[in-house]
Structures are given as structure tokens and as C-alpha cells.
K.L.:
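Dropping the structure in here first, questions after.
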There are 2 protein chains.
Amino acid sequence: MISIPVELQDDSYVIDVEQNSLERVGISLASLGNVSRVLLVTDDIVDSIYGNLVSESIVNRGLDLDVMVVPSGEESKSIDVAYSLWEHFLEAGADRRSVVVALGGGVVGDLSGFVAATYQRGIRFFQIPTSLLAQVDSSVGGKTAINLPRGKNMVGAFYQPCGVLIDPNVLSSLSVEHYQSGLGEIIKYGASLDDDFFLFLETNIGKINVRDSSVLEKIVARCCRIKAQIVAEDEKEVTGRRAMLNYGHTLGHALEAALGYGTLPHGYGVSIGSILAARLAARLAAKGDDRFIEINDAWIERQIDLTRKLGLPISLNDIGRSYSDSPETSPKNLLTLATSDKKSEFGLLNFILPVRLGKCIYVKNVDPEDVLAVLN
Amino acid sequence: MISIPVELQDDSYVIDVEQNSLERVGISLASLGNVSRVLLVTDDIVDSIYGNLVSESIVNRGLDLDVMVVPSGEESKSIDVAYSLWEHFLEAGADRRSVVVALGGGVVGDLSGFVAATYQRGIRFFQIPTSLLAQVDSSVGGKTAINLPRGKNMVGAFYQPCGVLIDPNVLSSLSVEHYQSGLGEIIKYGASLDDDFFLFLETNIGKINVRDSSVLEKIVARCCRIKAQIVAEDEKEVTGRRAMLNYGHTLGHALEAALGYGTLPHGYGVSIGSILAARLAARLAAKGDDRFIEINDAWIERQIDLTRKLGLPISLNDIGRSYSDSPETSPKNLLTLATSDKKSEFGLLNFILPVRLGKCIYVKNVDPEDVLAVLN
């Protein structure tokens, strides 16, 4: 088992990464102490594969259990589904000693984390992420949210779990698309924050592509450690440090929004957005911006090479002409979407741009013409 | 002006109490700095009296302003109204530099505080409480919430405002019922937490009943100071210290729930609940419980005397036979409601009981027979 402490002022907790740990969920929950009831939230797909295993492990420890199954997919991150969970909690007699357990991917984690954060002003929340994306990204850092019809993650809370349990073995049951989507964020960690890790990925491409459990255990733990460190320095996105996690995200989010959330897998958006950000840095370097002096074509090619070998797209063209030819993904429309992002300040175009392998900087107010040039 | 610091780890702020301060809301908001937009939430009644004054003060400082008016009354603490506010914020282009301003009583404060706490995972929140109850209680302490159909305050967050501005002059426009409801909480502070303050109330009954502004300024500031101190020691209701604010609330809440929330004014419930709690302490004393040795009939009479002179009920009978004779307010039903309260642990009957004037203790697991005896 690899244990990663997440050190926060009042809300420190530990992420445990271990193969086959799904079988011992009940032990972890019982060890929290003073648990009146376990409120397990999962989606229909995860429930059909792991629901029984996890439920049995919980009941076998003598804990009272309620299971709530929501439809899989982004549509469940809605006020309506959140409302049905609050009502269900109340009916089940959930009190301040109850624990919400999220068994699933990012949707289940974001949704049930928000419901836990707000039920009776906050009850304990335990995460068991089952998608690669959730294991390396959304289960770390305490961001919970639901969507408004016109705004993703517009309603939510910073709310830390009391514990996270990650079983890399569950990754074997993911669809290719879901698996690759997680790899998009993983490349991001290496390219923008950790050059040793990027090298590790380059030398383990074969094992990653066959989902070797022991390599995945190392990869997941490494990503959690990188993110936990940054979150500890800036829990609520105040100092700007946390923004360093957003390499590839400015245009990645714009691409996702342009195609309608849920169409383009998040990791694909990050992947394409990262290559675009790299090209943007190279363009600024060519224009004489000394901050990007180490960014050149060879650097971009190395990132493209790893991205492609892990099966990820570097442009919308790689996914299909119907995406790249859509009027929604026109450079001008993407620019508008990037400017209206929740993280944009005063409508400015802000980017996380690479300065060398494993190191990035926050660049405010990039010239729209430079972004358009990269998008064209 | 009386300034009361509320000292919390990351979220310290100041409560300013000053006559006529409503005219300078804009100055206070501008001084927060970095304000992209002011989102003023108020109810229709408050809006008709103070809406223009406050809006002008804000606009005169050059701040961008959106005003959202919700219907007055408990019904506005609903998911539907919260949803309409989130949507309105999004439409108005609210971002992380926007400030939500609650102008109104407890309903407006609880509702808009929850919406501020959750919009984009939390934006700044500024309180201008206009009811006596909100000025002395709900605007201090960071509790925000909305109701579920079957549970008051079941969905919410602990979320501190960035500032509170209290103008005691607005109390002159309150209805008698609303004014007295606030007095119920004020007597509570004296009786259970501050004997000097109880004495101050006894010697100022006449001025309180004519709503003398300078006496009210002192009273409001004193209550805020008492509550701020306790909240600073136990922000999120973890150590039990914060429970000390709940004298009169176990049965007070039960009475409110029995009659349907919004029927019995909260302060009336607290008032009746406090007298019942005092009688319960006296009963335990008579049965030989040494903790309550100082509680006797004379002590109870003194509390009853102040309560009555400030126009508050000491039993449902005082309000009307239709209340006291209802099957909903039968001792047995009240007992059931008190046991199912959000604050009850494992279905036990817990009370804050007085041990002498200005001092109370937390008593766990009171014998239901003793509670029934007091209710009969």
C-alpha cells in the first residue's frame, strides 16, 4: 500500500493506493469511528460491476448501509439529482455521524461530495474513485460541484474528504475512452510539473497501454502526490499556486464547452489543449519572449510523441472531421469560450504555459491574436 | 460605531453596529476592494422600505449593482429560490470577485449566504441584517441554509461573511411580532450566558419597549459579542461549546415544528422553550441533582417576569388556545419532535439547562419522563 498524506489546516486526510483494496472498504470505513450510517452513492454502471463487493465489505463490518444509484453520465451532476439525494439522506435518517461514500468516477465524486458538503451543513465524505481521471485528479483536492444548465461546476463547494481509497485494479474494467481520458491528465502532470515523471511515462508506454497494475499503482500515487502538494499550498485557489494544475485546461475547457459538455472526454480536451499551449509558448518564444526560450519544436514533438503513443489526440482532427469542421469549434468561438471561463479574471485570456519540461508558469492577459494564430 | 471582531482561523471579519449606517453601505462595500459586481438580495417588504436607500449608496460609490428581490417569508428558503438566484448570478455575469449582499432578516441571510457559499464554490458574502433576530443571532456565526420540505435548515453550509453592518435604526420599522421575536433570543443570552446583561435588560425594560435606538445599539452589540466569542471557540459545532447558544431551543424547535415552521415566531419558541428548560432544571434539582442546586422557583419567576414585561409568551396558552389545544402540540408529539432534531445524537434528548443566572450546561440523555412532566 502507498499512503499519501494530504496536509491541510483543519482537514488533513490520507489517500491510500493499493491493489484489491475495494475488498476492504468496510475496514477503512469502520476505522473512521462513530459512524451511524453509510450512505453509498454510485452510478448504475459501477454498481453493476462493484456494487455487491463493496456493499458486502461494508455490511460485514456491522455498518448500516443505504445505497443510492444515480444514472451514469454528466447529466447526474444536476440540482434535481442532488435534491433527490438530500431527500433520500433525510428519509434514511442520516445524521451528522453518517458518512457519504462516493463509489465511481468524477461525476459521482463531484455530485456526492457536494451533497455531503451541504447536507446538515456538512457530513463526512469518503471517496473511492473508480475511473483513472478521478483517481489521479478529481478525487484529490476537495473540489465538489454540480452544473447549471448553462455553466459547468457553477454550484459547489471546497470540501475535503475524510479519506480516499484507490484500487488500481478497477482500471481494467474501464472503456478505452475512459482510460485514455485519464492518461491525458497524467501526461499533464509530467509535462508541466514533474520531468522525472514524464521520463517514467516515456519508458513505460507499453505497460501503460496494457494497464499493468503495478505500474498504474505507481502512476496514480505519483499524480496524487503532486496534486496533494499543490493543493496543500493553496486549498481554495486563492494564491494562484493551484492554477499550476491547469496546463492544457484553458483551451481544453473551451473545446469541451464548444462541443457540449460530455461529448469530448475531459482528458482529450486537456491533451489537445496542452499541445496548443505548447505551441502558444513556442510562438511567444519566436516573438522574443525570453521566458519561453527553452520551448522549441523538438520539445513539442516529444510531448506529441508521448501523447500519440498513449492513444490520445493532439487535435480535433485526430478524433474526427465532424468535430474539427463544426462551426462551434471555430477559432473565434473557442476564443470567446476561453475568455468567459470561470477562472478568467475580468474577461482576460490566462494560460498556464510551459517554460521547460516539468515546469510551467501562469501567464495573464495573453494577446488574443496569438491564441487565434495557434488555433488556425 | 461599535466594532466587534469575530476571530476565526481563516475567516475573521468585523461586525459594525452603528445608527444610520444603512446610508453608508456603499462605502463599506467599496472598502472590501477588488469588487467586480454587487449582488444585492433582499425581500419584497425590506426592498420597499430600504431598497432605494441602499441601492443608491452602492451605485454612488461607482459599483455595478444587480438587485434580486425574493418573496418575504420562510418559503423563500427553498431549493427553487436558491436555484433562481444561482441562475440570476450567472446571467448577471457574477464572478469570483463579486460580492453577495444580504439585506433583510434571517430568511434572506440564510438563503443568500448559502447561495454565496456555493456559487462558483464560494464568493464573498456581506450581511446587512434588518430584523432584530438576524442582528443578534443569525447574522453572526456563519450558518447558512435552506429547507427541505420535511426538514428545516437541512441543506446548508458553514460560511462566514466578509463583513456585517448593523443599523439599529431599522428596528423601528419592524412589526411588534418580529421585534418581540428578537427579544426572545436576547433574553436567552442574558439568562444562560451573561448575568450582567440580564440585569441590564431588567433595568431597561421601558426603553426596550419603546425601541430606544441607543439602548438597542448597546443590546445588539452585546449579543453579537457574546455569540462571536462562542463561535470563535467552536466555529463548526464540533466541540460542543457552540451548543451553549441553544438554551430554550430543544423544545422551542419542537414547538415550531409542531405548528409548522413559520407559524410560531422563532423567538416565541425560544422564549417558551427557555421557561420549560428552567422548569426542567428545577425538577431535576428537586429530584436531588446537585448541578441545579441554585435553580428554584424564585429564579424561574425572575425569568418569567422579564419575559412577560418584554411582551413575550411563557407558554402556548399566552398566544392562543388554538395553539395549546392542538393535537400537534401534545406533550407526546413534542417529545417525538425533540428527539428527532438535527442536533440530537442517536435519538437522545439533549438540553442546555441553566445552573444559575448567566450560566448553563449541556445535559445529555435527559429522561423523557422528566420532559413529559414539564410539558404537562
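In what follows, chains are A, B, ... by sequence order, proteins preceding strands, each numbered from 1.
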K.L.:
Provide the closest heavy-atom pair for A:I79 versus B:W86 in the form atom of the first, atom of the second, distance.
P.N.:
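Minimum heavy-atom separation between A:I79 and B:W86: CD1-CZ3, 3.2 Å.
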K.L.:
Measure the spacing between OG1 of B:T118 and CZ of A:F158 and express it to the nearest 0.5 Å.
P.N.:
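Spacing of OG1 (B:T118) from CZ (A:F158) equals 12.5 Å.
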K.L.:
With a 4.5 angstrom heavy-atom cut-off, could you sort out which part of B:Y83 is near chain A: side chain, backbone, both or neither?
P.N.:
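Side chain of B:Y83 only, per the 4.5 Å heavy-atom cut-off to chain A.
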K.L.:
Ignoring hydrogens and angles, tell me if any N or O in the side chain of B:R121 forms a donor-acceptor pair with the backbone of A:V155 under 3.5 Å.
P.N.:
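Absent.
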K.L.:
CD of A:E87 to CE of B:M154: how many Å apart, nearest 0.5 Å?
P.N.:
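The CD atom of A:E87 sits 10.5 Å away from the CE atom of B:M154.
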K.L.:
Please classify the contact of B:Y159 with chain A as side chain, backbone, both or neither, using a heavy-atom distance under 4.5 Å.
P.N.:
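Looking at B:Y159, nothing touches chain A.
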K.L.:
Working to the nearest 0.5 Å, report the span between OH of B:Y119 and CG of A:L148.
P.N.:
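So the OH of B:Y119 and the CG of A:L148 are separated by 7.5 Å.
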K.L.:
Checking heavy atoms, do the side chain of A:F89, its backbone, both or neither come under 4.5 Å from chain B?
P.N.:
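No part of it gets close to chain B.
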